[in-house]
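Numbers for residues simply follow the sequence, beginning at 1. Because the structure is predicted, anything quoted here is derived from the model rather than measured.
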Amino acid sequence: MIIATAGCSPGPSPTPTPTPAFTDEADAFAAAEKVYRAYNDALNARRQGDVTADPQQYLTGAALEGDIDAMNSLVEWGLESTGNATVRSFRGVEFRAGSQATTVSGLVCVDVSQVRVINASGEDVTPSERGEIVAQQVTFTGAPDGVLVSDEASAEETSC
């Protein structure tokens, strides 16, 4: 009887193995682009006065700190940012997946021609040297199940 029931007892349950959300570089680039576009949409909504918009949910690390600093500086200097930016293109540059961390980088071209910086007197103080299209080198980091914008820096405008 003991021999007959030994084969029927449940064994230890298997430990789930984390599986990456990205099966290849193309999936990683598509996911990063989707995150950046959602981030840009949230920024546009925040500039339009939507108090429920939260672009910071798409940020981590230096990018999150930079957004917080920028928002504090605008308030301190009596400035506000208005208008919409449009993501013109996203080009994946590099993808590295590990069991604990994923890194994706890309070049994003953003049309900022409608975005203005306005002072407390209602005057447009947008820097005259800013182009209509800006190139951003963006780094995304995260776990195998998704990424957030972790760093963003100006890139050569000729890249766009």
Between side-chain atoms of residues 71-83 and protein atoms elsewhere (two or more places apart, or another chain), which donor-acceptor pairs fall under 3.5 Å?
unit_1 : atom_1 : unit_2 : atom_2 : d
Asn72  : ND2    : Ile68  : O      : 3.4
Ser73  : OG     : Asp69  : O      : 3.0

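Contact detail for Ala32 and Phe90: the closest heavy-atom pair is CB-CZ, 3.9 Å. Of all heavy-atom pairs spanning Ile118 and Asp124, the tightest one is CD1-CA, 3.8 Å. Closest approach of Glu156 and Ala135 over heavy atoms only: O-CB, 3.3 Å. In plain terms, the two heavy atoms of Arg130 and Val115 that are nearest each other are NH2-O, 2.7 Å. Contact record, Ala53 with Ala42: CB-O, 3.6 Å, taken as the closest heavy-atom pair. The shortest heavy-atom contact between Ser150 and Thr141 is CB-OG1, 3.2 Å.
Tested against Thr139 for a side-chain contact (heavy atoms from CB on, under 4.5 Å), the candidates Thr103, Val147, Val104 yield a single pass: Thr103. Checked options Val149, Asp151, Val35; the residue passing with Leu59 is Val149 (criterion: side-chain contact (heavy atoms from CB on, under 4.5 Å)).
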Q. Going through the checks in order, is the side chain to side chain contact (heavy atoms under 4.5 Å, CB included) test met by Gln48 and Asn84?
A. CA-CA 8 Å; Gln48 292 172 9; Asn84 288 328; 2.7 Å; yes
Q: Please test Phe95 against Thr102 for side chain to side chain contact (heavy atoms under 4.5 Å, CB included), starting from the C-alpha separation and ending with a verdict.
A: CA-CA 8 Å; Phe95 165 61; Thr102 299; 3.8 Å; yes
Q: Just do the side chain to side chain contact (heavy atoms under 4.5 Å, CB included) check on Glu152 and Tyr36 with the steps written out, would you?
A: CA-CA 11 Å; Glu152 187 170 11; Tyr36 194 87; 2.6 Å; yes
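Two residues are said to be in side-chain contact when any heavy atoms from C-beta on lie closer than 4.5 Å; Gln136 and Ser154 meet this criterion.
Salt-bridge check for Asp67 with Arg46: passed, with a basic side-chain N closer than 4.0 Å to an acidic carboxylate O.
Under a 3.5 Å cut-off, the side chain of Asn119 and the backbone N or O of Val125 do not form any donor-acceptor pair. No donor-acceptor pair under 3.5 Å is formed between the side chain of Arg88 and the backbone N or O of Val134. At least one donor-acceptor pair closer than 3.5 Å links the side chain of Asn44 to the backbone N or O of Ala85.
Grouping the Ile, Leu, Val, Met, Phe, Trp and Tyr side chains by contacts below 4.5 angstrom, directly or via other members, places Leu64 with Tyr58. Grouping the Ile, Leu, Val, Met, Phe, Trp and Tyr side chains by contacts below 4.5 angstrom, directly or via other members, places Leu148 apart from Phe29. Both Leu43 and Val87 are part of a single hydrophobic cluster, where members link through side-chain heavy atoms under 4.5 Å apart.
Annotation: Glu25, atom CD; neighbour count of heavy atoms from other residues, nucleotides and ligands within 6.0 Å is above 12. Remark: Arg96 CZ is loosely packed, at most 12 non-hydrogen atoms of other residues, nucleotides or ligands lying under 6.0 Å away.
The distance from the CZ atom of Arg91 to the SG atom of Cys160 is 9.0 Å, given to the nearest 0.5 Å. Atom CG of Asp50 is separated from atom CG of Asp41 by 11.5 Å, given to the nearest 0.5 angstrom.
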